[in-house]
Amino acid sequence: NYMIHYKEEITMIQIIVGEKGKGKTKYLLQMANEAVPKTRGNIVYLDKNYRHMYELNHKIRIINVSEFEMESYKEFLGFISGIISQDSDVHEIFIDGLLKLGQLSLEQTEFAISRIERMSEKFNINFTISISCKKEDLSELAQKYVTISL
């Protein structure tokens, strides 16, 4: 009960970092599934395909981002805004591979994370994001959200 109260009070961003093949997706899938009984709203999982569909609880909405032909990280951030605007009950968003899905360079993650931070605060949404890189390659802003470093 304390955990649920805590989650409602504090909007959060969690970042899982590690190089390709280190197991970030495994953690992200586990965290998404564990969020189902704790979350009072909807959960969205953004991925580059549907490969992990059957590993996710059926209550989680998986979106294959590659179907939407985005051409820039700004379009990707707009896409996230669109998800939020069409479903006011979204309380958790999981992003499996921010750099690839968002078409971001490491230098652009600072801008993206600051936008996600504002969305998180404004709409009370928890974001859990995996990024393929080393923790020290991230900006200070992004580093403060790293909860798992593989």
Side-chain angles (χ1 to χ4, degrees), residues 1-104 106 108-109 112-113 115-135 138 142-150:
N1 200 5
Y2 173 73
M3 207 44 209
I4 292 170
H5 180 70
Y6 172 78
K7 279 183 102 48
E8 285 173 7
E9 296 288 304
I10 298 169
T11 305
M12 287 183 1
I13 298 171
Q14 294 185 72
I15 297 176
I16 301 169
V17 295
E19 293 175 311
K20 193 168 164 40
K22 292 283 185 190
K24 295 177 299 296
T25 296
K26 186 183 81 172
Y27 280 99
L28 205 63
L29 292 165
Q30 181 185 335
M31 291 165 88
N33 286 326
E34 287 172 359
V36 172
K38 297 179 200 159
T39 303
R40 66 192 188 287
N42 296 329
I43 300 172
V44 176
Y45 191 98
L46 304 180
D47 207 342
K48 63 184 174 296
N49 54 44
Y50 290 115
R51 200 171 77 214
H52 302 292
M53 184 168 68
Y54 299 107
E55 296 169 64
L56 286 169
N57 183 298
H58 70 279
K59 292 181 177 166
I60 298 171
R61 177 171 179 214
I62 186 167
I63 298 174
N64 178 355
V65 173
S66 62
E67 291 183 337
F68 294 91
E69 298 184 31
M70 286 171 266
E71 293 178 20
S72 72
Y73 68 93
K74 290 185 177 176
E75 283 185 26
F76 178 71
L77 293 167
F79 182 75
I80 293 173
S81 295
I83 291 167
I84 295 166
S85 73
Q86 65 88 34
D87 183 356
S88 58
D89 280 335
V90 169
H91 288 161
E92 303 268 351
I93 296 178
F94 290 82
I95 303 172
D96 192 357
L98 180 66
L99 300 181
K100 188 168 269 182
L101 290 187
Q103 300 178 41
L104 284 149
L106 267 173
Q108 294 163 328
T109 55
I113 296 297
R115 278 278 298 272
I116 288 169
E117 193 177 50
R118 289 198 301 278
M119 285 188 250
S120 176
E121 288 165 7
K122 186 172 187 177
F123 301 106
N124 196 27
I125 295 172
N126 294 320
F127 284 85
T128 308
I129 302 162
S130 72
I131 302 176
S132 286
C133 70
K134 294 182 181 134
K135 182 179 179 178
L138 291 172
Q143 280 189 35
K144 78 176 184 180
Y145 293 116
V146 172
T147 54
I148 300 173
S149 184
L150 302 168

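Of all non-hydrogen atoms in S130 and L28, the two that sit nearest each other are OG-CD2, 4.1 Å. When all heavy atoms of E92 and A35 are compared, the closest pair comes out as CD-CB, 4.2 Å. Between G82 and S85 the shortest heavy-atom distance is O-OG, 3.0 Å. Considering every non-hydrogen atom in both K48 and N64, the closest pair reads O-OD1, 2.9 Å. The heavy-atom pair separating I62 from N49 by the smallest distance is CD1-O, 4.1 Å.
Residues N126 and T39 are not in side-chain contact: their nearest non-hydrogen atoms beyond the backbone lie 4.5 Å or more apart. Two residues are said to be in side-chain contact when any heavy atoms from C-beta on lie closer than 4.5 Å; I93 and I116 fail this criterion. A heavy-atom distance below 4.5 Å is found between the side chains of M119 and L77. You'll find the side chain of I95 stays beyond 4.5 Å of the side chain of V65, heavy atoms only. Side chains of N124 and H91 form no contact here, defined as non-hydrogen atoms less than 4.5 Å apart.
Between F94 and the choices L56, V44, I43, the side chain to side chain contact (heavy atoms under 4.5 Å, CB included) rule is met once, by I43. Each of I63, I84, L101 was checked for a side chain to side chain contact (heavy atoms under 4.5 Å, CB included) with F79, and the lone residue meeting it is I63.
Here the CD1 atom belonging to I80 is positioned 12.5 Å from the CZ atom belonging to F123, to the nearest 0.5 angstrom. Separation of atoms NZ (K74) and CD (Q108) is listed at 9.0 Å; rounding is to 0.5 Å. Of the inter-residue distances, the one linking R115 atom CZ with R118 atom CZ reads 6.5 Å to the nearest 0.5 angstrom. The structure places CD1 of I129 at 6.0 Å from CD1 of I13, a figure rounded to the nearest 0.5 Å.
Distance alone, capped at 3.5 Å, is enough to place a donor-acceptor pair between the Q103 side chain and the M70 backbone.
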Atom pairs and distances, side-chain donor-acceptor, residues 142-150, under 3.5 Å, sequence neighbours left out:
unit_1	atom_1	unit_2	atom_2	d
Q143	NE2	K135	O	3.2
Q143	NE2	L138	O	2.9
Y145	OH	E117	OE2	2.3
T147	OG1	Q14	OE1	3.4

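Under the side-chain hydrogen bond (donor to acceptor under 3.5 Å, both in side chains) criterion, the residue pairs touching residues 24-37 are K24-S132, T25-D96, Q30-E34, with sequence neighbours excluded.
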Test side-chain contact (heavy atoms from CB on, under 4.5 Å) on R61 and D87; report intermediate values, then the result. CA-CA 12 Å; R61 177 171 179 214; D87 183 356; over 6 Å; no
Step-by-step side-chain contact (heavy atoms from CB on, under 4.5 Å) determination, Y73 to T109: CA-CA 9 Å; Y73 68 93; T109 55; over 6 Å; no
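Dense packing is recorded around CD of E67, with more than 12 heavy atoms of other residues, nucleotides or ligands lying under 6.0 Å away.
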